[in-house]
Number of protein chains: 2
Amino acid sequence: MARTGRPRIFDKELAISKAMVLYWEQGFESTSLAQLKEAMGISSASFYAAFGSKENLFKEVIDRYNTSYGKVTDCLVDTSIKSKVAIEQALRQTAKMQTDPSHPTGCMLVLSANVCSEKNNHVRDLIFKERSLVRLNLEECIIRGQENGEITREVKADVLCTLIEAFMYGISTQARDGISYKSIDQAITQIMKTCDI
Amino acid sequence: MARTGRPRIFDKELAISKAMVLYWEQGFESTSLAQLKEAMGISSASFYAAFGSKENLFKEVIDRYNTSYGKVTDCLVDTSIKSKVAIEQALRQTAKMQTDPSHPTGCMLVLSANVCSEKNNHVRDLIFKERSLVRLNLEECIIRGQENGEITREVKADVLCTLIEAFMYGISTQARDGISYKSIDQAITQIMKTCDI
DNA sequence: TTACTTATATACTAATCGTTCCATAAATGA
DNA sequence: TCATTTATGGAACGATTAGTATATAAGTAA
């Protein structure tokens with residue numbers, strides 16, 4: 001049955017998108033309620049009625065990121081494509097997305113809450129958990145590749161995972177520094193060779 | 001001649017060290033004056049008399065970092081050692097330093113002001129300039145190596161630089177995530193092979 | 001119509017932010 | 001001794017922080 005009460009006047013999904021851009025650009029702590037409210041075009045009352053708190057909105061933003069821009073690494077869990085192809089695709093899509101000037105550069109999961117004050121350590125941990133998932137997916141993808149003989153067994157999966165993961169995370173800072181997609185893409189070509197050594 | 005006036009009661013160098021730990025751990029914006037003052041053991045008046053502002057203290061902290069922990073990449077400009085050795089040393093020393101639990105993990109130049117609110121973009125730019133210097137040193141080191149025949153000429157110096165730099169920056173996030181020095185160190189062994197391909 | 005539910009606008013809160021002011025303390029120079 | 005200089009402790013500054021209170025608007029259900 002239809003819900004009762006006065007209908008919401010603003011578009012909640014659009015508001016989350018606007019909030020995501022701010023959190024992505026400035027980070028969780030450095031983004032103020034005043035900025036969020038202005039970008040979303042709503043008042044304090046509407047904000048808290050719809051989202052509960054600044055932190056809770058951030059959680060909704062993380063979900064939104066994971067199901068939109070963050071999907072660039074989803075190929076890592078796709079067992080229908082070859083592992084090495086999946087890794088290369090994840091890296092190239094990551095580089096492409098993170099250098100796209102139509103939104104904040106870099107990865108929101110790497111940049112938005114890597115450092116914060118003590119009182120928000122639990123928010124930092126939220127992001128940490130998201131990264132752990134990506135790492136897990138990457139490592140399992142590498143293990144599949146080693147079992148199939150696509151990826152060298154000379155190096156332990158854990159080490160290869162650390163290698164690829166560090167490179168992937170580093171792209172965020174490079175994207176912020178203005179390093180071009182082309183340069184990163186060429187670096188990916190080179191780093192993929194380490195899977196064979 | 002000796003300076004006049006009441007002598008400073010606290011150790012300025014020690015105070016900068018205490019401030020560095022806070023900025024390193026939490027970032028520039030997330031570190032409050034109250035925290036800084038307490039860690040340094042001084043009052044507002046002493047703080048502003050000695051350092052001028054929160055931002056100016058941050059500049060002094062950057063200098064301190066560059067001449068202490070940040071020296072792990074200084075070998076890149078040492079033309080008396082082979083380029084490839086210098087790069088490997090820079091990476092291993094970086095990994096060792098950034099995972100050392102006796103101080104905040106990761107690199108202060110990567111973590112402390114990568115994202116911030118608009119009003120502090122000039123502070124972010126300070127850190128950006130510091131990173132640019134490291135990148136420049138790395139690229140010139142690679143070029144030397146290619147000229148000497150130590151490093152493959154199959155790949156452009158710019159691309160190899162982007163590859164190594166991304167990996168190096170990514171260590172900061174990994175160190176924050178608790179990835180072990182051992183794992184990163186083994187990854188370095190692997191990534192160094194890309195200099196030969 | 002009346003009751004109920006939810007969203008809105010506006011005003012407001014206590015706490016914290018970086019910074020400044022002021023009186024006083026402690027040194028040197030004349 | 002007395003002026004000058006610099007540092008100190010502590011109170012206070014206006015601005016901003018995240019979040020609430022209150023009254024009203026706008027919908028559905030009976």
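Labels below follow one simple rule: chain letters A, B, ... track the order of the sequence lines, proteins then strands, and each chain is numbered from 1.
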Checklist entry - Checking side chain to side chain contact (heavy atoms under 4.5 Å, CB included) for the pair A:Ser112/A:Ile127: CA distance, chi angles, key distance, verdict? => result CA-CA 8 Å; A:Ser112 69; A:Ile127 293 283; 3.7 Å; yes
Next on the checklist: Salt bridge or not between A:Asp196 and A:Lys84? Use side-chain N to carboxylate O under 4.0 Å.
Outcome noted: yes
Item to check | N/O donor-acceptor pair under 3.5 Å between B:Ser30 side chain and A:Cys116 backbone | outcome: no
Checklist entry - Is B:Tyr48 near enough to C:dT20 that one of its side-chain N or O atoms lies under 4.0 angstrom from OP1 or OP2? => result no
Next on the checklist: Nearest to the B:Ala34 side chain among C:dC17, D:dA26, D:dT8, which nucleotide is it?
Outcome noted: C:dC17
Checklist entry - Across the strands shown, which category fits A:Phe47 at heavy-atom distances under 4.0 angstrom: base, sugar-phosphate, nothing? => result nothing
Next on the checklist: Check this for me: does any side-chain nitrogen of one of B:Arg135 and B:Glu165 sit under 4.0 Å from a carboxylate oxygen of the other?
Outcome noted: yes
Checklist entry - For B:Ser46 and D:dT8, is the shortest distance between a side-chain N/O and OP1 or OP2 below 4.0 Å? => result yes
Checklist entry - Any idea which of D:dA18, C:dA11, C:dA7 is nearest the A:Arg6 side chain? => result C:dA7
Item to check | Salt bridge A:Glu13-A:Arg64, side-chain N to carboxylate O under 4.0 Å | outcome: yes
Next on the checklist: From CG of A:Leu36 over to P of D:dT17, roughly how many Å is that when rounded to an integer?
Outcome noted: 10 Å
Checklist entry - Between B:Glu55 (CD) and C:dC17 (C1'), how many Å, whole number? => result 16 Å
Checklist entry - Would you say C:dA9 has OP1 or OP2 under 4.0 Å from some side-chain N or O of A:Ser43? => result yes
Checklist outcome for this item: Assign each of A:Phe28 and A:Ala45 the nucleotide of DNA chain D bearing its closest heavy atom; nearer the 5' end lies the nucleotide of A:Phe28
Checklist entry - What does A:Phe10 touch in the nucleic acid at a heavy-atom separation under 4.0 angstrom: a base, only the sugar-phosphate, or nothing? => result sugar-phosphate
Checklist entry - How close or far is atom P of D:dT8 from atom CG of B:Asp11, stated in whole angstroms? => result 12 Å
Checklist entry - Cationic tip of B:Arg8 within the cone over B:Phe10's six-membered ring, i.e. under 6.0 Å and within 45° of the normal? => result yes
Next on the checklist: Counting only side-chain heavy atoms from C-beta out, which of D:dA26, C:dG18, C:dT8 sits nearest to A:Pro7?
Outcome noted: D:dA26
Checklist entry - A:Glu29 has an atom CD; how far is it from atom P of C:dG18, in whole Å? => result 12 Å
Next on the checklist: Is there a side chain to side chain contact (heavy atoms under 4.5 Å, CB included) between A:Asn114 and A:Phe128? Walk through the geometry before answering.
Outcome noted: CA-CA 8 Å; A:Asn114 228 349; A:Phe128 164 68; over 6 Å; no
Checklist entry - B:Lys37 has an atom NZ; how far is it from atom P of D:dT8, in whole Å? => result 14 Å
Checklist entry - Between C:dG18 atom C1' and B:Gln35 atom CD, what is the distance in whole Å? => result 13 Å
Checklist entry - CG of B:Leu33 versus P of C:dT19: gap in Å, rounded? => result 6 Å
Item to check | Touch class at under 4.0 angstrom, heavy-atom based, for B:Ser30 against every strand present | outcome: nothing
Checklist entry - Where along residues 116-123 of chain B does a heavy atom come under 4.0 Å from DNA chain C, residue by residue in number order? => result none
Item to check | Whole angstrom value for the distance that separates P of C:dT19 from CD1 of B:Ile42 | outcome: 13 Å
Next on the checklist: With a 4.0 Å cutoff (strictly under), does any side-chain N or O of B:Arg8 reach OP1 or OP2 of D:dA7?
Outcome noted: yes
Checklist entry - For C:dC4, does OP1 or OP2 lie under 4.0 Å from any side-chain N or O of A:Thr4? => result no
Checklist entry - Looking at B:Lys18 and B:Asp11, does any basic side-chain N land under 4.0 Å from a carboxylate oxygen? => result no
